[in-house]
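Within every chain, numbering begins at 1; the chains are lettered A, B, ... in the order of the sequence lines, protein sequences first and strands thereafter. The structure presented is a predicted model; accordingly, all values stated were derived computationally and were not measured.
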Amino acid sequence: MEMTISLPISTYESIIDPDWCPGCGDFGVLRGVKMAAGKLGIKPEELFTVSGIGCSSNLPGYIHAYGVHSLHGRAVAVASGIKFANQDMNVVITGGDGDGYGIGLGHFVHAMRRNLDLTYIVMNNQIYGLTTGQASPTTMKEVRTKSTPRGNVEMPLNPIALAIVSGATYVSRAFSGEPRHMADVIAGGIAHKGFALVDVFSPCVTYNKINTYPWFKKRVYKLEDDPDYDATDHRGALNRAYEWGDRIPLGLFYREEQPTYEESEPALKEGPLVHQKLGLEKDLFDDLMEEFV
Amino acid sequence: MREVTLGIGGAAGDGLDKTGDTFAKTASRLGLYLYAYNSYQSIIRGGHIWLRVRMGEEKVYSHGDHLNLLIALNQDTLERHAREVEPGGAVLFNSDKLTLDSSLFESQVLPVPMPVRELLKPLGKTLPVMQNTVSLGAAIFLLGLDFEMMAEVLADTFQHKGQEVVNQNIQVAKAGYNYAKEKFVPLGYEWNFSRTRRPFITGNEAMALGAVAAGCKFYSAYPMTPASTILHWMVAHADRCGIVVKQCEDEIAVANMAVGAGLAGVRSMCATSGGGFALMTEAIGQAGMIEAPVVFITVQRGGPSTGIPTKTEQADLNQALGASQGDFPRIIMAPADVTEAYYTAAEALNLADKYQLPVIILSDLLLSEHPETIERDALKPDLVIDRGQLVTEWPEGNGTYKRYAFTESGVSPRALPGTKNTVYVSPTDDHDEEGILISDEYTSPPVRRKVQEKRMKKLEGALKELPPPQIEGPEDTDVTLVGWGSCRGVIREAAEMLRSEGIATNQLHFKYLLPFHVKEALEILNGCRKTIGVEVNYTGQFAKHLRSETGFSLDDMVLKYDGEPFEPAFIVNRVKEIVGGEPLSLEVTREEAQEIAYHYIRTHLGNSVRPASIEVGNGVPAEEPTWCIELVSRKGGEKTGDLFVGQRTGSTYAWKPVSTVSRD
Ligand SMILES: Cc1ncc(C[n+]2csc(CCOP(=O)(O)OP(=O)(O)O)c2C)c(N)n1
Ligand code: SF4
Ligand SMILES: [Mg+2]
């Protein structure tokens with residue numbers, strides 16, 4: 001077995017300082033991603049962070065690794081293309097709740113069905129931060145935002161339940177106020193072979209005055225602390241995904257070993273596409289032409 | 001040149017495709033050149049499908065204007081097309097099921113009724129589609145083709161189903177052949193069969209093959225006619241060719257995945273048609289911004305909106321030119337024929353890599369789906385694969401690798417992700433040389449100016465290496481026909497016909513639409529006497545593009561937007577009118593009135609009647625002249641009423657059943 005040599009988080013120090021508001025939950029997530037990568041000994045050139053657009057989606061700019069700061073809602077699709085091209089890369093998607101659960105929801109659900117080996121970290125602040133505070137798909141009912149002045153009337157989306165029923169093979173939640181725990185959950189997601197969701201409570205201190213650090217601190221507990229919890233029990237996980245209110249679970253809800261999409265793709269048996277020879281051998285070409293005669 | 005055109009008409013589900021294929025392969029293997037066009041509908045069963053196969057001893061460039069032999073698989077086909085068969089030709093049909101009224105065909109045309117049931121009886125249990133094979137056998141005889149060759153094609157086609165099925169098909173065909181031989185004389189075609197086996201291939205197949213031969217490794221798509229056959233070919237050959245083919249949840253994912261793959265360093269391509277292309281546009285801008293090499297194919301079909309999904313048009317040029325917000329460099333090109341489709345795919349992948357930008361290939365339904373014969377060595381496997389300026393190593397002491405380094409050419413040498421010491425971020429926010437955002441804390445105007453110039457400058461380099469447009473045909477003519485994309489072949493034939501009628505005509509064809517050869521185009525256009533644009537759309541999108549690039553206005557236009565591709569005579573007739581100073585008439589012709597009547601019958605009267613005589617109408621309250629189309633019963637032929645269609649608007653004014661028709 002290969003030995004993992006952990007790397008210090010300074011390995012991923014970017015020359016750019018984050019421009020998030022002081023106190024923004026995303027600082028903790030950035031640190032958590034670096035800690036997780038360091039723990040797994042992933043070198044910067046082996047790490048590809050992919051984001052959409054939003055405050056949270058600025059993260060790839062703040063970590064020393066390859067990155068794409070792609071379009072609003074499209075990070076999962078871009079990341080899938082990257083993974084198909086180069087399966088040796090650790091591809092980590094970092095975005096917001098609007099990005100992933102709103103405009104990008106379709107890609108999110110289909111990526112889970114597909115079970116590509118991707119890790120998806122959603123900095124869920126239950127608000128559209130970058131566009132100055134409109135309701136997001138995870139904004140709770142009755143919460144007033146810029147776009148819901150009389151209180152939100154829509155049901156919030158339940159990303160954990162959605163992931164469990166959509167075929168994600170690693171479904172987890174973390175909290176920016178618990179950085180060590182978060183780093184473990186993220187590291188588990190990256191190490192997991194298959195699609196991993198890490199939904200992170202990452203408070204927006206500027207536009208979400210309801211779901212604040214203290215609000216979460218009072219409620220969260222860790223599934224790992226419940227000795228009876230079985231993260232391989234699909235129905236049980238789904239039940240627990242609905243827990244919300246006075247007690248809110250963090251940690252690994254569900255985990256399942258399934259072949260990844262890459263493993264079932266014949267063209268990838270030869271190794272990453274990006275290293276493969278281009279073009280067709282003459283014999284093969286002639287065979288292909290013969291089909292037209 | 002000896003040539004003949006066969007038409008096969010029937011409903012979807014009649015097995016027409018296979019029948020056409022067998023015929024085409026037979027003729028092609030005998031060494032004839034073919035061009036086939038299948039006019040089909042957005043329906044899986046039923047409807048009207050109309051396949052024309054034109055073949056000659058020399059290369060043919062369109063499906064032409066003629067019809068010499070008709071194989072009718074249903075009554076509808078007899079009624080609609082028997083009259084189009086030219087003198088000396090024949091109409092083949094299953095006489096158990098269909099009747100050919102003498103009013104339906106010209107006097108010097110041979111009716112060939114085939115008693116299919118009787119012919120098949122001795123052969124035991126056969127499938128309904130085998131009526132087609134009987135007709136094919138007869139067609140082979142009438143056209144003077146070689147039965148043995150057809151037997152060979154049938155054997156290849158049915159080999160996977162076992163020898164018994166092969167034998168039965170050959171026997172069925174032979175029964176048709178022998179019957180025709182016994183009862184009729186051949187139509188008098190004498191062929192010199194070279195027996196050179198040439199490929200018979202569609203634009204989509206050629207484009208897919210060209211891309212793979214040029215190193216395409218990732219192909220994503222969402223099904224959409226007429227691009228789907230690229231997906232089908234890719235999937236069918238993915239394992240052997242070592243490519244990943246991904247059907248995605250929508251075209252947004254298709255485009256973004258292709259961008260991700262391109263960015264990560266593989267040659268990546270995707271294809272769709274207008275509706276899907278609309279969904280791809282944001283990602284195309286993204287490829288421009290992050291300088292990811294990706295090839296986007298859009299195979300135009302009739303629009304707008306869902307439009308006429310199985311019909312052709314060239315009306316998405318504006319869409320390609322305007323895809324995505326902002327100014328960013330893109331290359332747009334439109335291949336003219338099957339061979340060019342192959343090389344264009346390879347060229348597009350090279351250009352995308354060299355200039356690190358999105359390349360858009362504008363194809364269309366006609367080019368993508370029609371098969372034609374090409375020379376055996378027309379498609380060469382040893383394509384140049386030029387990946388542009390790649391940084392394969394970056395020693396630690398080299399300083400920071402700048403992914404978007406500002407250079408004279410605008411091209412920044414590219415390190416593929418994973419290359420040691422070259423870590424960078426590619427943002428869709430505008431950024432500096434290192435990929436750092438320039439608009440988060442303070443937008444630096446000069447940095448923005450320089451990065452925009454850097455990106456756009458790449459087109460100057462690209463333009464220099466793209467071949468400029470050229471005149472085809474004689475120099476110094478009275479008329480120059482100006483076209484783009486798939487119209488080149490039919491314009492070539494139209495120009496030839498015009499010349500033979502005394503109107504000196506040549507062609508100026510454009511493949512490269514962006515960047516544009518302004519200087520070269522102007523030099524040619526300024527030397528032309530009369531320039532006439534030929535496009536398959538309503539507004540003359542290319543003519544407007546030409547004007548916006550060069551300031552040059554074409555003198556006149558030949559436009560078509562009824563869903564069917566140009567035929568040479570259509571262009572010739574309109575050019576003659578233009579030259580003679582005749583204004584364009586948009587009135588409904590007699591033939592069109594018949595088709596409008598068919599549409600009305602289908603939607604309102606069921607299929608028991610058909611149009612018969614068509615006269616100038618009178619006696620209906622309409623504010624325009626009308627056509628009066630007499631409808632008769634399909635069974636007995638007795639009149640069932642009159643239908644009135646406006647000659648100007650095409651409106652269907654009145655249906656007067658016989659009981660209310662005054663007979664004076
Ligand atoms: C296609 C498109 N629509 C809208 C926007 C504007 N936009 C930018 S970020 C954003 C929402 C961000 O919310 P979220 O993903 O939750 O990120 P946060 O800022 O909260 O971290 C929107 C609507 C855009 N960039 N692109
Ligand atoms: S607006 Fe909210 S989400 Fe955005 S940086 Fe500020 S605190 Fe963070
Ligand atoms: Mg948010």
Side chain / backbone / both / neither for [X] at chain B, heavy atoms under 4.5 Å:
{"X": "A/Leu47", "result": "neither"}
{"X": "A/Ile16", "result": "side chain"}
{"X": "A/Phe292", "result": "both"}
{"X": "A/Lys277", "result": "backbone"}
{"X": "A/Arg113", "result": "neither"}
{"X": "A/Glu265", "result": "side chain"}

>> So B/Val423 and A/Pro44, do their side chains get closer than 4.5 Å, heavy atoms only?
In response: yes
Query raised in the report: Any side-chain heavy atom of B/Val425 within less than 4.5 Å of one from A/Ile63?
Result: no
Heavy-atom distance under 4.5 Å to chain A: side chain of [X], backbone, both or neither?
{"X": "B/Asp250", "result": "side chain"}
{"X": "B/Ala253", "result": "both"}
{"X": "B/Lys217", "result": "both"}
{"X": "B/Ser268", "result": "neither"}
{"X": "B/Ile243", "result": "backbone"}
{"X": "B/Leu437", "result": "side chain"}
{"X": "B/Arg403", "result": "neither"}

Contact leader toward chain A among [options], where contacts are heavy-atom pairs under 4.5 Å:
{"options": "B/Ile252, B/Thr373, B/Asn421, B/Leu383", "answer": "B/Ile252"}
{"options": "B/Ile290, B/Asp156, B/Leu379", "answer": "B/Leu379"}
{"options": "B/Arg198, B/Arg197, B/Lys246", "answer": "B/Lys246"}
{"options": "B/Pro199, B/Gly435, B/Ala283, B/Pro417", "answer": "B/Pro417"}
{"options": "B/Leu209, B/Val259, B/Thr202", "answer": "B/Leu209"}
{"options": "B/Asp239, B/Leu416, B/Val153", "answer": "B/Asp239"}

To the nearest 0.5 Å, tell me how far [X] [atom1] sits from [Y] [atom2].
{"X": "A/Ile82", "Y": "B/Phe218", "atom1": "CD1", "atom2": "CZ", "value": "11.0 Å"}
{"X": "B/Ile436", "Y": "A/Ser14", "atom1": "CD1", "atom2": "OG", "value": "7.0 Å"}
{"X": "B/Thr419", "Y": "A/Glu45", "atom1": "OG1", "atom2": "CD", "value": "9.0 Å"}

Spell out, as yes or no, whether a donor-acceptor pair under 3.5 Å connects the side chain of [X] to the backbone of [Y].
{"X": "B/Ser426", "Y": "A/Val68", "answer": "no"}
{"X": "A/Ser80", "Y": "B/Met257", "answer": "no"}
{"X": "B/Glu282", "Y": "A/Leu71", "answer": "no"}

Using a strict threshold of under 4.0 Å (side-chain N to carboxylate O), is an ion pair present between [Y] and [X]?
{"X": "A/Arg114", "Y": "B/Glu249", "answer": "yes"}
{"X": "A/Glu291", "Y": "B/Arg240", "answer": "yes"}
{"X": "B/Arg376", "Y": "A/Glu290", "answer": "yes"}

Flag if over 12 foreign heavy atoms under 6.0 Å of [atom1], [X]:
{"X": "A/Gln258", "atom1": "CD", "result": "yes"}
{"X": "A/Tyr261", "atom1": "OH", "result": "yes"}
{"X": "B/Lys420", "atom1": "NZ", "result": "no"}

With chain B, the option among A/Lys282, A/Met89, A/Lys43 that has the most non-hydrogen atom pairs under 4.5 Å is A/Met89
Of the listed A/Leu278, A/Asp287, A/Leu284, A/Val109, the one with the largest count of heavy-atom pairs under 4.5 Å with chain B is A/Leu278
Residues B/Cys248, A/His110; criterion side chain to side chain contact (heavy atoms under 4.5 Å, CB included); working and verdict: CA-CA 8 Å; B/Cys248 303; A/His110 291 285; over 6 Å; no
Open item on the list: If you apply the rule side chain to side chain contact (heavy atoms under 4.5 Å, CB included), what do you find for A/Ile53 with B/Asp429, and how did you get there?
Closed with: CA-CA 9 Å; A/Ile53 298 294; B/Asp429 282 68; 3.8 Å; yes
Practice task
For side chain to side chain contact (heavy atoms under 4.5 Å, CB included), just list the numbers for A/Val293 and B/Lys25, CA-CA rounded to whole Å, side-chain angles, deciding distance to a tenth of an Å, and then say yes or no.
Solution key: CA-CA 7 Å; A/Val293 177; B/Lys25 280 212 156 137; over 6 Å; no
Between B/Gly242 and A/Ala267 the two heavy atoms that sit nearest each other are C-CB, 3.8 Å
Between B/Thr422 and A/Tyr66, is there a side-chain donor-acceptor contact under 3.5 Å, judged purely by atom types and distance?
yes
